[in-house]
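Report on the structure given below.
The structure presented is a predicted model; accordingly, all values stated were derived computationally and were not measured. Naming convention: chains lettered A, B, ... in sequence-line order (proteins, then strands); numbering from 1 in each chain.
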Amino acid sequence: MDLFVTFQDHVSKIIDDLVATGVVPKDAARKGVIVEPPRDAAHGDLSTNAAMVLSKPAQKKPRDLADLIVAKLEDIDIVHSAQVAGPGFINIHLEQSFWPSIIHSVLDDPENFGRANIGNGEKLNIEYVSANPTGPMHVGHCRGAVFGDALARLLEFAGFDVTREYYINDAGAQVDVLAKSAFLRYQEALGKDIGDIPEGYYPGEYLIPLGAQLQEKYGQDLLTMEEAEWLPLVKKESIEAMMALIRNDLAALNIQHEVFFSEKSLHNNDGAMIASAIESLESGGHIYQGRLDPPKGKLPADWEDREQTLFRATDFGDDVDRALKKSNGSFTYFAADIAYHKDKYDRGFTHQIDVLGADHGGYIKRLKAALKAISDGKADLDVKIVQLVKLLRDGKEVKMSKRAGTFVTLRDVVDEVGVDPVRFMMLMRKNDAPLDFDFAKVTDQSKDNPVFYVQYAHARTHSLLRQVQNVLPGINSAILFSDERVKSASLQRLVDEGEITIMRKLAQYPRIVNSAAASHEPHRIAFYLYELANEFHSHWARGKVAPQLRVIQEDDRELTTDRIALVAAISATLKSGLMILGVSAPLEMR
RNA sequence: GUCCCCGUAGCUCAGUUGGAUAGAGCACCAGAUUCCUAAUCUGGGGGCCAGUGGUUCGAAUCCACUCGGGGACGCCA
């Protein structure tokens, strides 16, 4: 149940009435009419701009129109009063007795409170991480991984049928380098002195076990083969080994993909899948043979002007048409990507999301253009760019360099600070804003660290749920929601300002989930949780000074029951939000 | 030269898709606990929302241009 949606309906019906009585013209645009929490809580519980939006079509002064709406709003039983304010806002105060119903809607089904249905069960594919399979993940990959995973959880909660997908870039030159590097380690494992790893090869020690593995599997055999013969064998082995590393790293972050899609598979059978994708574009008239202007800026050394196969991306909002074949006749990366997105569409994904690194910003338009063309406008694609993470230690930036050996792996970070802080911190920023990740702050166990602040609030709710046994024997959080005493609590004694503030906050959760999901911005959940935790901690502290505000009142079982129901609702909501972020909700922190 | 992202308190950032007097944390200053976990809370100062114009009842938010920072610009993925 979303209070704001409920009132959106109320207002909408009132406008219908005004249309029926001829006050508002039938064709008046009502798109802009919204019901939202006022910026200042003192103004009321809800506010709507209906009168201001409709004043022009109705040819009435906003405040006069507002008076008509106010009268009708006051007929609604949970409305205590409504006033016109400022230029024509309508502020609505609800009956105080309404708020406890929020607690009931949480406790009736705690795991589903706030669950939205904007997805309507439709299939959605989210592709994220997609790090090259050439080594373990480093911190740079971390943010995209966490962001993508949280977004996937959020969209699931919002009613989409979500598939998490990883695109393995196993077709390019980089995996050849990987295989050659592994081959060196293989020779090393056979006792050969390989000296320094040559320039252009991957020097990482993580390839040493792979060399040993190759030695075990092939013995001396590979040495007798030509490169053309051993390369595919070693490549296959290497990619599998690297993907195993990467899956392990992801598992350390609590991330699991359902589908791992191989780029190489698109190139099988002479690129049959890519060719057929291009064919279908061709039959739509989106392909032609032509020339492109040379790129601006630095001219590539090997630039040649030639006629080539081009996709008419400009028809779909891109800046230039895009090449699909390299001069050597093979397909471009983009051509393969078209085939990949077409494949996703063919698998039924009309909603697609790609999470990409900051350096891929220039790629967005052509991807969107391609999917639009290939799906005939039936599928939508959102490309989320995650900005760089700046790693700080003691306030100083940690420069990363593969050669200097100051290369920080994802595993290093997770081992040092733990999964929860890593995930939460990555989600405390909007995805397209740069992020400072300070080891000292992230491991700090104080209110300065939002992770602990929110988790501690959750732990505190459970502390209360444990303590209350003295007053209400037999209660525990696991069966709380079926406890008759809690279920039948009248909740009419939750009248303290602090308590009502918290109930108001709880009432906003569905709305936050909705907007976060609709805008693909999981960080909104993180901010909401911080605010809810803050309200709870504040209220708690008031009990220090005013013991009558404490939740547990030894001599008043009824009041304690009401308050424990509120605490349970807070607890469930915190847990729900943390679950969306993939962060644990501890029962105790000592 | 073109395109994308960004510019909000001293610092790090939110800003409910166009709403009322622009918020939070850090830092700074002043306080609170004989404790339902102080891993907490209360109060205070601090702003040309980069700039200029436009759209309208109303702009940090939308549009145009300018300045400043970052990124991308066939055959790297």
Task: Polar pair under 3.5 Å, donor/acceptor by atom type, side chain A:Arg460, base B:U37 - done: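 In this structure, the two groups form no donor-acceptor pair.
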
TODO: Please state whether the base of B:A20 and the side chain of A:Asn91 form at least one donor-acceptor pair under 3.5 Å?
DONE: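 By the distance-only test, yes, there is a pair.
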
In plain terms, say whether [X] and [Y] are close enough for a salt bridge, that is, a side-chain N and a carboxylate O under 4.0 Å apart.
X        : Y        : answer
A:Arg322 : A:Asp337 : no
A:Glu531 : A:Lys505 : yes
A:Arg493 : A:Asp556 : yes
A:Arg504 : A:Glu535 : no

Task: Whole-Å P distance, B:G51 and B:G10 - done: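 About 14 Å, rounded to a whole number of Å.
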
Does [N] have its OP1 or OP2 closer than 4.0 Å to a side-chain nitrogen or oxygen of [X]?
X        : N     : result
A:Lys384 : B:C5  : no
A:Thr332 : B:C75 : no
A:Lys544 : B:A38 : yes
A:Trp540 : B:A38 : yes
A:Ser538 : B:U42 : yes
A:His523 : B:G15 : yes

Could you tell me the separation between the [atom1] atom of [X] and the [atom2] atom of [N], rounded to a whole number of Å?
X        : N     : atom1 : atom2 : answer
A:Asp64  : B:C57 : CG    : P     : 17 Å
A:Asn49  : B:A20 : CG    : P     : 11 Å
A:Arg39  : B:G58 : CZ    : C1'   : 12 Å
A:Arg366 : B:C4  : CZ    : C1'   : 12 Å
A:Phe527 : B:G15 : CZ    : P     : 7 Å
A:Lys430 : B:C13 : NZ    : C1'   : 10 Å
A:Lys365 : B:C4  : NZ    : P     : 4 Å
A:Tyr456 : B:C41 : OH    : P     : 10 Å

Open item on the list: Run through RNA chain B and report every stem of 3 or more consecutive Watson-Crick or G-U pairs, distances under 3.5 Å, ordered by first number.
Closed with: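 Output for stems: B:1-5 with B:69-73, B:10-13 with B:23-26, B:28-32 with B:40-44, B:50-54 with B:62-66.
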
Open item on the list: Between A:Asn132 and A:Leu549, which residue's closest nucleotide on RNA chain B lies nearer the 5′ terminus?
Closed with: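 Nearest nucleotide further toward 5': that of A:Leu549.
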
- [ ] Ignoring hydrogens and angles, state whether a donor on the side chain of A:Asp382 or A:His520 is under 3.5 Å from an acceptor on the partner side chain.
- [x]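 A:Asp382 vs A:His520: donor-acceptor pair found between side chains.
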
Open item on the list: If only side-chain N and O atoms count, and only distance matters, is there a donor-acceptor pair under 3.5 Å linking A:Tyr340 with A:Glu165?
Closed with: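 A pair is found: one side chain offers a donor N or O, the other an acceptor, under 3.5 Å apart.
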
TODO: Check each residue of residues 51-59 of chain A for a non-hydrogen atom within less than 4.0 Å of any atom in RNA chain B, then write out the ones that pass by number, or none.
DONE: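 Of all residues in residues 51-59 of chain A, the ones placing a heavy atom under 4.0 Å from RNA chain B are A:Met52, A:Val53, A:Lys56.
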
